[in-house]
Amino acid sequence: MRRVRFHAYGGPEVLRVEEAEPPVAGPGELLVRTEAIGVTLPCVRRTHGDGSGGGDPLPAVPGGEIAGTVVAVGPEVTGFAVGDRVTSLTFKGSYAELALAPAFLADHIPDDASAVGAVALVRSGQVALAALSTAAPRDGESVLITGAASATGHLAVQLAKLQGVPRVVAAVSSAAKAEFLYGLGADEVVTYDQDSWGEPADIVLDGVGGELLPRALAAVTEGGRLIFFNSGGGTVPAYELLAGSKTVTGLTMRRFTTVHRERYDQHRAQLWELAGAGRLRAAVHAELPLEEAAKAHEIIEARANLGKVVLRP
């Protein structure tokens with residue numbers, strides 16, 4: 001099978017397509033012939049050797065999410081069979097024609113959904129819903145979302161409006177993304193380089209981090225809260241928390257899927273229902289062949305995407 005692997009940390013140039021033996025499904029695992037592979041900012045950052053938890057041990061196959069057809073079922077797996085169409089979080093090893101997926105994170109793809117549509121919806125939608133449910137917006141509270149045009153961000157904008165949030169502010173790197181976000185329901189669009197992001201928000205969902213984190217925290221109103229779900233790290237100004245009585249909550253999907261399993265399953269059903277009813281749109285910015293994984297990473301690094309970037313084996 002073909003896979004993409006990197007033997008040294010660095011930019012898109014470190015990604016190499018190579019031949020490899022297919023993996024074998026172990027206990028609790030599915031072996032999936034991939035039809036669509038999601039490219040995420042955490043995956044890109046980890047090829048640089050940074051991000052939450054540092055880089056992957058070398059050499060490594062990047063990845064975080066797939067959609068495709070089950071070709072083998074490991075021991076101790078129930079509810080799945082060879083031939084099933086599934087999508088799943090994988091956390092690693094997904095840039096390949098065959099990838100292993102934890103069965104407890106896998107989901108059947110509805111007959112009327114494509115593999116690309118599924119991979120664009122499920123992982124990013126799960127992150128968006130996890131961030132919103134962690135924030136738990138109350139009546140009348142406003143929400144600001146950084147990285148709002150990203151695969152997760154553009155779904156978070158829509159989901160916040162569907163939950164009745166009266167003011168959703170989309171924060172992005174370029175004003176060129178404004179039309180896209182207004183079309184998804186954003187009430188305001190601001191760019192990172194603006195002197196002001198407008199009135200502070202009760203809740204900030206930060207999908208960027210790094211140098212942007214202090215600005216994101218400054219955009220939280222007194223007594224408000226920031227949900228930090230990105231892999232970019234950053235420094236929290238402690239005095240800002242004290243002076244503004246603000247709270248910061250970290251969110252990782254690895255923990256959320258185990259600690260809040262029931263909520264994760266509810267979110268999965270909600271995403272399919274909303275998408276099937278046409279109320280939630282998972283935008284796909286680009287579909288690229290596996291051999292162009294480096295180009296996919298370039299798009300993400302340049303913050304050029306409006307929605308999801310997908311690899312097709």
Participant: Do Val143 and Leu162 land in one hydrophobic cluster if side-chain heavy atoms of ILVMFWY residues count as linked below 4.5 Å?
Facilitator: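 Yes, Val143 and Leu162 fall within the same hydrophobic cluster.
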
Participant: With heavy-atom distances below 4.5 Å as the criterion, would you say the side chains of His7 and Leu58 are in contact?
Facilitator: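 No - every pair of side-chain heavy atoms lies 4.5 Å or more apart.
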
Participant: So, do Leu41 and Arg303 sit near enough that their side-chain heavy atoms are less than 4.5 Å apart?
Facilitator: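 Leu41 reaches Arg303 side chain to side chain.
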
Participant: Taking all atoms of both residues into account, what is the closest heavy-atom pair of Val172 and Leu181, and its distance?
Facilitator: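 Looking at all heavy atoms of both residues, the closest pair is CG1-CD1, 3.4 Å.
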
Participant: Give the minimum heavy-atom separation between Gly11 and Glu301, together with the two atoms involved.
Facilitator: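 So the minimum-distance heavy-atom pair works out to CA-OE2, 4.3 Å.
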
Participant: Are Ile109 and Val32 connected, step by step, through hydrophobic side chains (Ile, Leu, Val, Met, Phe, Trp, Tyr) whose heavy atoms are closer than 4.5 Å?
Facilitator: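 The answer is no; the residues belong to distinct hydrophobic clusters.
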
Participant: Val189 versus Lys177: any side-chain heavy-atom pair under 4.5 Å?
Facilitator: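 A side-chain contact under 4.5 Å is absent here.
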
Participant: Strictly distance-based, threshold 3.5 Å: is any side-chain N or O of His154 a donor or acceptor partner for the main-chain N or O of Leu184?
Facilitator: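 No, the answer is negative, given that no donor and acceptor are paired below the 3.5 Å cut-off.
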
Participant: Is there a side chain to side chain contact (heavy atoms under 4.5 Å, CB included) between Leu100 and Leu31 once you walk through the steps?
Facilitator: CA-CA 5 Å; Leu100 295 173; Leu31 181 61; 3.8 Å; yes

Participant: Determine whether the aromatic ring centres of Tyr95 and His297 lie less than 6.0 Å apart.
Facilitator: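 Close enough - the centres of the two rings lie under 6.0 Å apart.
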
Participant: Is there a donor-acceptor pair closer than 3.5 Å between any side-chain N or O of Glu287 and the backbone N or O of Arg312?
Facilitator: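 It does not hold such a pair.
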
Participant: Between Glu35 and Thr69, is any side-chain donor less than 3.5 angstrom from a side-chain acceptor?
Facilitator: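 Glu35 vs Thr69: donor-acceptor pair found between side chains.
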
Participant: Does Thr257 reach the side chain of Pro102, with side-chain heavy atoms less than 4.5 Å apart?
Facilitator: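 The answer is no; the side chains never approach within 4.5 Å.
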
Participant: For Gln194, give me all partners under side-chain hydrogen bond (donor to acceptor under 3.5 Å, both in side chains), at least two apart in sequence or on another chain.
Facilitator: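 Applying side-chain hydrogen bond (donor to acceptor under 3.5 Å, both in side chains) to Gln194 gives Thr191.
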
Participant: Does a sphere of radius 6.0 Å around CG in Asp139 hold more than 12 heavy atoms from other residues, nucleotides or ligands, not counting ones at 6.0 Å or beyond?
Facilitator: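 No.
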
Participant: Supply the atom-to-atom distance Arg215 CZ to Thr146 OG1, rounded to the nearest 0.5 angstrom.
Facilitator: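 Answer for the CZ-OG1 pair, Arg215 versus Thr146, is 11.5 Å.
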
Participant: Any chance you could measure Ile227, atom CD1, to Asp206, atom CG, to the nearest 0.5 Å?
Facilitator: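 Ile227 atom CD1 to Asp206 atom CG measures 10.5 Å (nearest 0.5 Å).
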
Participant: Please confirm whether the backbone N or O of Ala81 pairs with a side-chain atom of Asp84, one donor and one acceptor, at under 3.5 Å?
Facilitator: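 Checked: pair present.
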
Participant: Looking at every heavy atom in both Glu240 and Ala218, which two are closest together, and how far apart are they?
Facilitator: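 Smallest interatomic distance, heavy atoms only, reads OE2-CA, 3.6 Å.
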
Participant: Hydrophobic cluster membership, with links at side-chain heavy-atom distances under 4.5 Å among I/L/V/M/F/W/Y: are Ile145 and Ile203 in one?
Facilitator: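 The answer is yes; both residues are in one hydrophobic cluster.
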
Participant: Counting only heavy atoms not in Arg261, do more than 12 sit closer than 6.0 Å to its CZ atom?
Facilitator: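 Yes, CZ of Arg261 has more than 12 neighbouring heavy atoms, counting only those of other groups under 6.0 Å.
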
Participant: Do the side chain of Thr34 and the main chain of Ala96 share a donor and acceptor less than 3.5 angstrom apart?
Facilitator: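 Side chain of Thr34 to backbone of Ala96, a donor-acceptor pair under 3.5 Å: yes, one is there.
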
Participant: If you apply the rule side chain to side chain contact (heavy atoms under 4.5 Å, CB included), what do you find for Val119 with Ile37, and how did you get there?
Facilitator: CA-CA 7 Å; Val119 86; Ile37 302 161; over 6 Å; no

Participant: If you compare all heavy atoms of Ser94 against all heavy atoms of Ala99, which two are closest, and at what distance to 0.1 Å?
Facilitator: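 What the structure gives for the nearest pair is CA-CB, 4.0 Å.
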
Participant: Main chain of Gly153, side chain of Ser150: is a donor-acceptor contact present, judged purely on distance under 3.5 Å?
Facilitator: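 At least one qualifying donor-acceptor pair exists.
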
Participant: So, taking the atom named CZ in Phe91 and the one named CE in Met253, what distance separates them when rounded to the nearest 0.5 Å?
Facilitator: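 Between atom CZ of Phe91 and atom CE of Met253 there are 7.0 Å.
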
Participant: With no hydrogens and no angle check, just 3.5 Å: does a side-chain donor-acceptor pair link Asp202 and Ser142?
Facilitator: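 Result is yes, a qualifying pair exists.
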
Participant: Would Val44 and Val14 show up in the same hydrophobic cluster when neighbours are defined by side-chain heavy atoms closer than 4.5 Å?
Facilitator: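 Yes, Val44 connects to Val14 through the hydrophobic network.
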
Participant: Does a donor on one side chain and an acceptor on the other come within less than 3.5 Å for Arg123 and Thr40?
Facilitator: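 Their side chains do not contain a donor-acceptor pair, so the 3.5 Å distance test is not met.
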
Participant: Looking at CG of Leu129 and CG of Leu155, how far apart are the two atoms once the value is rounded to the nearest 0.5 Å?
Facilitator: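 Separation between the atoms: 8.5 Å.
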
Participant: Parallel, tilted or perpendicular: which fits the ring planes of His108 and Phe80, with parallel below 30° and perpendicular above 60°?
Facilitator: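 The rings of His108 and Phe80 lie parallel, inter-plane angle below 30°.
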
Participant: Is a salt bridge present between Lys161 and Asp187, judged by a nitrogen-to-oxygen distance below 4.0 Å?
Facilitator: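 Result for this pair is yes, salt bridge flagged.
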
Participant: I'd like to know if the side chain of Thr87 and the backbone of Ile66 have a donor-acceptor N/O pair within less than 3.5 Å.
Facilitator: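 Yes, Thr87 side chain to Ile66 backbone: donor-acceptor pair under 3.5 Å.
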
Participant: Can you list everything that forms a side-chain contact (heavy atoms from CB on, under 4.5 Å) with Ala176? Sequence neighbours excluded, please.
Facilitator: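 Per chain and number, Ala176 pairs via side-chain contact (heavy atoms from CB on, under 4.5 Å) with Ser174.
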
Participant: Checking the side chain of Asn305 only, and the main-chain atoms of Ile300 only, is there a donor and an acceptor separated by less than 3.5 Å?
Facilitator: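 No.
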
Participant: Can you check whether Ala130's main-chain N or O pairs, donor with acceptor, with Ser133's side chain at less than 3.5 Å?
Facilitator: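 Side chain of Ser133 to backbone of Ala130, a donor-acceptor pair under 3.5 Å: yes, one is there.
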
Participant: So for atom CZ, which belongs to Arg263, do other residues, nucleotides or ligands contribute more than 12 heavy atoms lying within a distance under 6.0 Å?
Facilitator: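 More than 12 within 6.0 Å, yes.
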
Participant: Is Val204 linked to Leu212 within one hydrophobic cluster, defined over Ile, Leu, Val, Met, Phe, Trp and Tyr using a side-chain heavy-atom separation of less than 4.5 Å?
Facilitator: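 In one cluster: yes.
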
Participant: Looking at Glu18 and Arg3, does any basic side-chain N land under 4.0 Å from a carboxylate oxygen?
Facilitator: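 Yes.
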
Participant: Please lay out, stage by stage, how Leu121 and Trp272 fare under the test side chain to side chain contact (heavy atoms under 4.5 Å, CB included).
Facilitator: CA-CA 8 Å; Leu121 174 72; Trp272 287 122; 3.8 Å; yes

Participant: Please evaluate residues Ile299 and Leu288 with respect to the criterion side chain to side chain contact (heavy atoms under 4.5 Å, CB included), reporting the C-alpha separation (whole Å), side-chain torsions for both, the decisive distance (0.1 Å), and the verdict.
Facilitator: CA-CA 11 Å; Ile299 293 171; Leu288 299 168; 4.2 Å; yes

Participant: So, does His285 use its side chain to make a donor-acceptor pair with the main chain of Leu306 at under 3.5 Å?
Facilitator: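 Present.
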
Participant: Tell me if a side-chain donor or acceptor on Arg16 pairs with a main-chain N or O of Glu13 at a distance below 3.5 Å.
Facilitator: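 Yes, the answer is positive, given that a donor and an acceptor are paired below the 3.5 Å cut-off.
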
Participant: Do other residues, nucleotides or ligands put more than 12 heavy atoms under 6.0 Å from the CD atom of Glu199?
Facilitator: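 No, not enclosed.
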
Participant: Taking atom CG of Asn230 and atom CG of Leu213, what is their separation to the nearest 0.5 Å?
Facilitator: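 Spacing of CG (Asn230) from CG (Leu213) equals 7.5 Å.
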
Participant: If you define the side chain from C-beta out and look only at heavy atoms, does anything of Met1 sit under 4.5 Å from Pro23?
Facilitator: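 Yes; the side chains approach each other to less than 4.5 Å.
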
Participant: List the atom of Gly147, the atom of Val208, and the distance in Å for their closest heavy-atom pair.
Facilitator: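 Reported closest heavy-atom pair: N-CG2, 3.6 Å.
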
Participant: Taking all non-hydrogen atoms of both residues, which atom of Ser124 and which atom of Glu65 are closest, and how far apart?
Facilitator: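 Shortest heavy-atom contact: N-OE1, 4.3 Å.
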
Participant: Measure the spacing between CG of Leu105 and CG of Leu30 and express it to the nearest 0.5 Å.
Facilitator: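 These two atoms lie 10.0 Å from each other.
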
Participant: If a pair satisfies ring-ring contact (aromatic ring centres under 6.0 Å, His included) and one of its residues is in residues 189-243, list it, with sequence neighbours excluded.
Facilitator: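 Residue pairs passing ring-ring contact (aromatic ring centres under 6.0 Å, His included), neighbours aside: none found.
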
